[in-house]
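Numbering of residues begins at 1 and proceeds along the displayed sequence. Atoms within each ligand, like the ligands themselves, are counted from 1 in listed order. Note that these values count all heavy atoms, side chains included, but never hydrogens, waters or copies made by symmetry.
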Amino acid sequence: MKPWAPLSVLLSSFCLAIFWLCSTGALWRSGNQEWRKLIMVQHWPITVCKEVGNNCTSPPDYWTIHGLWPDRAEECNRSWHFDLEEIKDLLPDMKMYWPDVIHPLSLSHFWKHEWEKHGTCAAQLNALNSQKRYFGASLDLYHGLALNSMLQKLGIKPSTSYYQISNIKDALASVYRVIPKLQCLPPKQGEEVQTLGQIELCFTKDLQLENCSEPEGPTEPRVLVPGGQGALWAQAAAVQGPGLEVCKDGFAFYPPPEETPH
Ligand SMILES: *[C@@H]1O[C@H](CO)[C@@H](O)[C@H](O)[C@H]1NC(C)=O
Ligand SMILES: *[C@@H]1O[C@H](CO)[C@@H](O)[C@H](O)[C@H]1NC(C)=O
Ligand SMILES: *[C@@H]1O[C@H](CO)[C@@H](O)[C@H](O)[C@H]1NC(C)=O
């Protein structure tokens, strides 16, 4: 064998792998993906910041929108580009309730991502079939759920003492009459408990609340292509540390905002 042969073998298998990744990715994206429910995902900005090493400037001290996600579909139409102009009437509400917690100065980047990944699939419903409708309906659902005031009323407030996950879940189920899904950051080294990060409530295609009783899954609906998006997630996880996962039974920390130094 010539000395360069092993390298070329390596290279060609690498190319094959890349080709395979790209072609499966393309296949997956072009598919008519069947999804069944919508997940209204709200996150706790303090935890979002914690997830990225507490590198945010004054995150909101109320639950904000992460996204409105069809359960089993992503990126359904890659030629339907995000256009900020279409939602300009919604901007005051968007900035307030759907901020990019981590990059507050690049708002539309987050919205673009949510639209392209989730909105283009949700748009299969007439009620959500434009950017204005998708973002507008998401804001309406957010206001309708009034999660912040519900939590207040239930006495679930950010605290240095811990909550039982089952208590939070039961309390939410008692007001919404459906089973929510809670996502937590697993305890970091030196921490006693997980940290509450995300509350998901599920809706039918008629936008009626329903149980989130899917089998336990990851934060974002995951691609079923082995090595596809999973590899990207693994990469992101390697950079940012372990991300959110379904909260385990037991205690959780619902972190208060940092005291602003005077
Ligand atoms: C923190 O965020 C700022 C602004 O987004 C960025 O420039 C900086 O590199 C980040 N620092 C770390 C340690 O990630
Ligand atoms: C994708 O979006 C474009 C732009 O809105 C639209 O013209 C096209 O019909 C859409 N394709 C599908 C398959 O929905
Ligand atoms: C939601 O789950 C609860 C508890 O498992 C069950 O009693 C209820 O019937 C479910 N509701 C719907 C609409 O499926």
Side-chain angles (χ1 to χ4, degrees), residues 22-42 67-91 94 108-138 140-141 144-147 150-151 154 156 163-183 198-217 221 223-225 228-229 246-250:
C22 297
S23 57
T24 46
L27 206 71
W28 155 67
R29 284 193 187 92
S30 66
N32 269 333
Q33 295 137 327
E34 276 295 322
W35 54 271
R36 216 181 57 70
K37 63 171 79 163
L38 285 163
I39 310 170
M40 178 69 200
V41 185
Q42 301 184 53
L68 181 66
W69 302 342
D71 62 343
R72 281 178 212 157
E74 290 180 354
E75 271 190 58
C76 293
N77 185 343
R78 296 176 88 198
S79 45
W80 201 347
H81 300 296
F82 177 72
D83 179 5
L84 191 60
E85 191 62 21
E86 286 198 35
I87 58 165
K88 63 177 192 303
D89 297 348
L90 303 174
L91 284 184
M94 291 291 293
S108 66
H109 177 77
F110 182 39
W111 301 335
K112 176 179 188 292
H113 168 82
E114 290 298 311
W115 166 254
E116 289 171 357
K117 186 166 177 183
H118 307 290
T120 54
C121 299
Q124 289 163 2
L125 298 184
N126 289 336
L128 307 175
N129 68 1
S130 70
Q131 295 179 42
K132 190 161 184 186
R133 286 184 173 183
Y134 172 72
F135 288 103
S138 302
D140 289 346
L141 290 177
L145 290 170
L147 178 62
M150 289 301 176
L151 288 169
L154 293 165
I156 302 169
Y163 286 92
Q164 280 285 357
I165 281 297
S166 58
N167 290 347
I168 298 181
K169 218 167 163 178
D170 292 349
L172 289 171
S174 74
V175 294
Y176 293 116
R177 306 258 157 231
V178 288
I179 299 169
K181 186 168 146 190
L182 306 185
Q183 303 265 2
Q198 207 148 265
I199 295 181
E200 303 184 2
L201 286 152
C202 296
F203 287 85
T204 63
K205 288 184 168 181
D206 302 322
L207 304 185
Q208 302 299 311
L209 274 165
E210 72 168 333
N211 286 338
C212 288
S213 42
E214 288 294 308
E216 315 288 74
V223 194
L224 297 175
V225 177
Q229 194 86 346
V246 176
C247 297
K248 307 250 185 332
D249 287 339

**Q** Strictly distance-based, threshold 3.5 Å: is any side-chain N or O of Gln131 a donor or acceptor partner for the main-chain N or O of His81?
**A** yes
**Q** Looking only at protein heavy atoms, which one is nearest to atom 5 (O) of ligand 3, and how far off is it?
**A** Ile179 CD1, 3.8 Å
**Q** Could you tell me whether ligand 3 has any atom less than 4.0 Å away from a heavy atom of Val178?
**A** no
**Q** Do His118 and Tyr134 have side-chain heavy atoms sitting under 4.5 Å apart?
**A**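 Side chain of His118 against side chain of Tyr134, heavy atoms only: contact under 4.5 Å found.
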**Q** Looking at atom 11 (N) of ligand 2, would you say a protein heavy atom lies below 4.0 Å from it?
**A**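 Yes.
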**Q** Just jot down the salt bridge (charged side-chain N to carboxylate O under 4.0 Å, His left out) partners of Glu116, sequence neighbours excluded, or say none.
**A** Lys112
**Q** Considering only protein heavy atoms, determine whether one is less than 4.0 Å from atom 7 (O) of ligand 2.
**A**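 No, there is none.
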**Q** Identify the protein heavy atom lying closest to atom 1 (C) of ligand 3, giving its residue, its atom name and the separation to 0.1 Å.
**A**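 Answer for atom 1 (C) of ligand 3: Asn211 ND2, 1.4 Å.
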**Q** List the atom of Ala123, the atom of Asn129, and the distance in Å for their closest heavy-atom pair.
**A** O-CB, 3.3 Å
**Q** Here's one to test your reading of the geometry: is the NZ or CZ of Lys205 within 45 degrees of the ring axis of Trp35 and under 6.0 Å from its centre?
**A**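 Yes; both conditions hold, so Lys205 lies above the ring face of Trp35.
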**Q** Nearest protein heavy atom to atom 14 (O) of ligand 2, by residue and atom, and its distance?
**A** Asn77 ND2, 3.6 Å
